[in-house]
Amino acid sequence: MVFETSKANAILTILQGCNNLTRLQKIQAHVIVNGLQNHPAISNSILNFCAVSISGSLPYAHHLFKHIQNPQTQAWNSIIRGFAQSPSPFQAIFYYNRMLFDSVSGPDTFTFSFTLKACERIKALKKCEEVHGSIIRTGYERDVVVCTGLVRCYGGNGCAEIARMVFDNMPEKDLVAWNAMISCYSQAGYHQEALRIYDNMTNENVGVDGFTLVGLLSSCSHVGALNMGVKLHRIASEKGLLRNVFVGNALIDMYAKCGNLDGALEVFNGMPRDMFSWNSMIVGFGVHGFGDEAIYFFNQMLEAGVRPNSIAFLGLLCGCSHQGLVEEGVGFFHQMSSKFNVKPGIKHFGCIVDMYGRAGKLEKALEIIGDSPWQDDPVLWRILLSSSKIHKNVVIGEIAMRNLSQLGAVNAGDCVLLATIYAGDNDEQGVARMRKLIKNQGIKTTPGWSWIEVSDQVHRFVVDDKSHPDSGMIYQKLEEVTHKATMAGYVKDKSQFIFHGSCSEECLESSSTYHSEKLAIAFGLAKTPEGTSLRIVKNLRVCRDCHEFTKFVSQAFNRDIIVRDRLRFHHFKGGLCSCRDYW
DNA sequence: CTAGGGTTAG
């Protein structure tokens, strides 16, 4: 077929400036009048606009595509890309399959990129592996962009190790590829690995941008790596990235999660803000138990014209609950639906149950669960059990456990909580029953660990850890620390296994010796200058013995020790803890 | 002459 080149070129130019569908349809009429509807570049351009542009129309693109005879690779790419970024990415896979099996046009790097995006979004690991195979067969496995897509796709499907293998095999890596690897680790929870990638990166001289910093800062938040975070803050400042909201928000979160709310506030005050910025501040105050501040920031957010979403309320309610602001919390809870049109989710109900429970109103907490749509979920019952522990209430504790049991959801932590309640009631048989339950039912325990950051390195410890290179020194130091703490008044909880108030799942892992945070504390004391604060992050809740230990250590060594456990922050200072021994 | 990487909660 012969086309009139000058007319075709004119139409292509007009198409490039097209920004809405009505206009496109007028151009299309023009195309038909001139007999150019089968001109490849023109039909591709129209198709691409419809499939990809925000003002396009995917259903219309779908319609157009059906009428193309023998679509070329570019046309397939447009339709695959359109569906990959649409609410139904599986359609992209459908077109990819058709392209491979029914079409003479072969896939290229673009095809693979878009298809991988779709696999990532719908979590299609099998398809990802299959596409990976095709990439190797067609010889595209050396392409940086395609490999970056593979890294993300494997990472998003929970295969960080395979993502890393693809990454390591890339013949050349640019900044985007490095950033993808960092965010893959960070989102998969491999925070130490994410931070380690940064060291490799600096050796390779690829530079750093906002994306790099955001991924790294997110990992710093999770492991409480304040020193590293501060270093990244400095880099952001040098590179003029402090006005980048993504970077700013990641910094706010990092400071808040590392227990430095002043730092968070300082960043917050010096940047353009969006909903994330407000939420990070509110959540930050909330998890530290500063309800008044969370409420203040919530109101400021409203004044700034930002509509609160469910996360803002989560932070707000968490703060109210930990500070004991029951009336305020319940008020906000009702306003969620009545005033802000935010539907309370299970987590919000959890805050309310916790709020009443913590305040000692256990019957009211029980009533809330009964009125909630989540009686069949273990989460709320578990919170009730935890409240029963704080108030040593055997009756409600047993009700909570019975419900957990009926749901088949009893875990080791639950048994420990109830055993602790029994122990406080001097019910040795009750404790023995819980111990037996765990043993006979083979209930799984979560392995406990603690992180501590010393200079730029994050060190991780488990119970009775001997794997650290400085292990010998650490145990020696621990003896000294225990001795000094004892001189200050610490009495070791000698009972084996959750008697007389020990209450962490970590107590199940070992009948004696040292929980992970004691090792982290000893290491921190040995490796940091006198007077500096120690920051520890652990994945389980602190047990009574370690809590007492840390209080006396903070006094004996005159150190602030900030422990972030699974649920909240404990600021130890001068022999006292900010949780006032309620947790 | 169409690609790839970003923050809160969980």
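The chains referred to below are lettered A, B, ... by the order of the sequence lines, with proteins before strands, and numbering in each begins at 1. Side chains included, hydrogens not; waters and symmetry mates left out as well; all remaining heavy atoms used. None of these values were measured; they are calculated from a predicted model.
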### Message
Using a heavy-atom cut-off of 4.0 Å across all strands, would you classify A:Asn44 as base, sugar-phosphate, or nothing?
### Response
nothing

### Query
Could you state the CD-C1' distance from A:Gln85 to B:dT2, rounded to the nearest angstrom?
11 Å

### Summary
Per atom distances to the A:Asn279 side chain, the nearest of B:dT8, B:dT2, B:dG6 is B:dT8

### Query
Using the rule for Phe, Tyr, His and the six-membered ring of Trp, do A:Phe276 and B:dT8 stack at under 5.5 Å and under 30°?
no

### Query
Could you state the CE-C1' distance from A:Met271 to B:dT8, rounded to the nearest angstrom?
12 Å

### Message
Does A:Val151 reach a base, just sugar-phosphate, or nothing at all? Heavy atoms under 4.0 Å.
### Response
nothing

### Message
What's A:Phe114 touching, base or sugar-phosphate or nothing? Going by heavy atoms closer than 4.0 Å.
### Response
base

### Task
Classify the side-chain pair A:Asp292/A:Gln323 by whether it contains a donor and acceptor separated by less than 3.5 Å.
yes

### Task
Just call it for A:Lys257: base, sugar-phosphate, or nothing, with non-hydrogen atoms closer than 4.0 Å on any strand.
sugar-phosphate

#### Entry: Presence of salt bridge, A:Glu161 and A:Arg164, under 4.0 angstrom
no

### Message
Restricting to non-hydrogen atoms, name the atom on A:Arg243 and the atom on A:Pro272 that form the minimum distance, rounded to 0.1 Å.
### Response
O-CG, 3.4 Å

#### Entry: Whole angstrom value for the distance that separates C1' of B:dT8 from CG of A:Leu251
14 Å

### Query
Ignoring hydrogens and angles, are the base of B:dG6 and the side chain of A:Asn244 linked by a donor-acceptor pair under 3.5 Å?
yes

### Task
Check every atom of B:dA3, B:dG10, B:dC1 against the side chain of A:Ser113 and return the nucleotide holding the closest atom.
B:dA3

### Query
Is there a side-chain polar atom (N or O) of A:Ser78 under 4.0 Å from OP1 or OP2 of B:dT2?
no

### Query
What does A:Gly210 touch in the nucleic acid at a heavy-atom separation under 4.0 angstrom: a base, only the sugar-phosphate, or nothing?
base

### Message
Is the phosphate of B:dG6 approached by A:Arg152 (side-chain N or O, under 4.0 Å from OP1 or OP2)?
### Response
yes

### Query
Which part of the nucleic acid, if any, lies within reach of A:Ser218 when heavy atoms closer than 4.0 Å are counted: base, sugar-phosphate only, or nothing?
sugar-phosphate

### Task
Just call it for A:Val52: base, sugar-phosphate, or nothing, with non-hydrogen atoms closer than 4.0 Å on any strand.
nothing

### Query
What is the distance, rounded to the nearest whole Å, between atom CD1 of A:Ile252 and atom C1' of B:dA9?
16 Å

### Query
How long is the line joining CD1 of A:Ile182 and P of B:dT7, in whole Å?
12 Å

### Task
Round to the nearest Å and state the distance from A:Leu175 atom CG to B:dG4 atom P.
15 Å

### Plane angle bin for A:His63 and A:Tyr60 - parallel if under 30°, tilted between 30 and 60°, otherwise perpendicular
parallel

#### Entry: Phosphate contact (B:dT2 OP1 or OP2) by A:Lys117 side-chain N/O below 4.0 Å
no

### Query
Cationic tip of A:Arg273 within the cone over A:Phe268's six-membered ring, i.e. under 6.0 Å and within 45° of the normal?
yes

### Task
Report the relative orientation of the aromatic rings in A:His288 and A:Phe569; use parallel for angles under 30°, tilted for 30 to 60°, perpendicular for over 60°.
parallel

### Message
Can you measure A:Asp274 atom CG to B:dG6 atom P for me and round it to whole angstrom units?
### Response
16 Å

### Task
Whole angstrom is fine here: how far is it from CG in A:Asn77 over to P in B:dC1?
16 Å

### Message
Is A:Gln187 close enough to B:dG6 that one of its side-chain N or O atoms is under 4.0 Å from OP1 or OP2 there?
### Response
yes

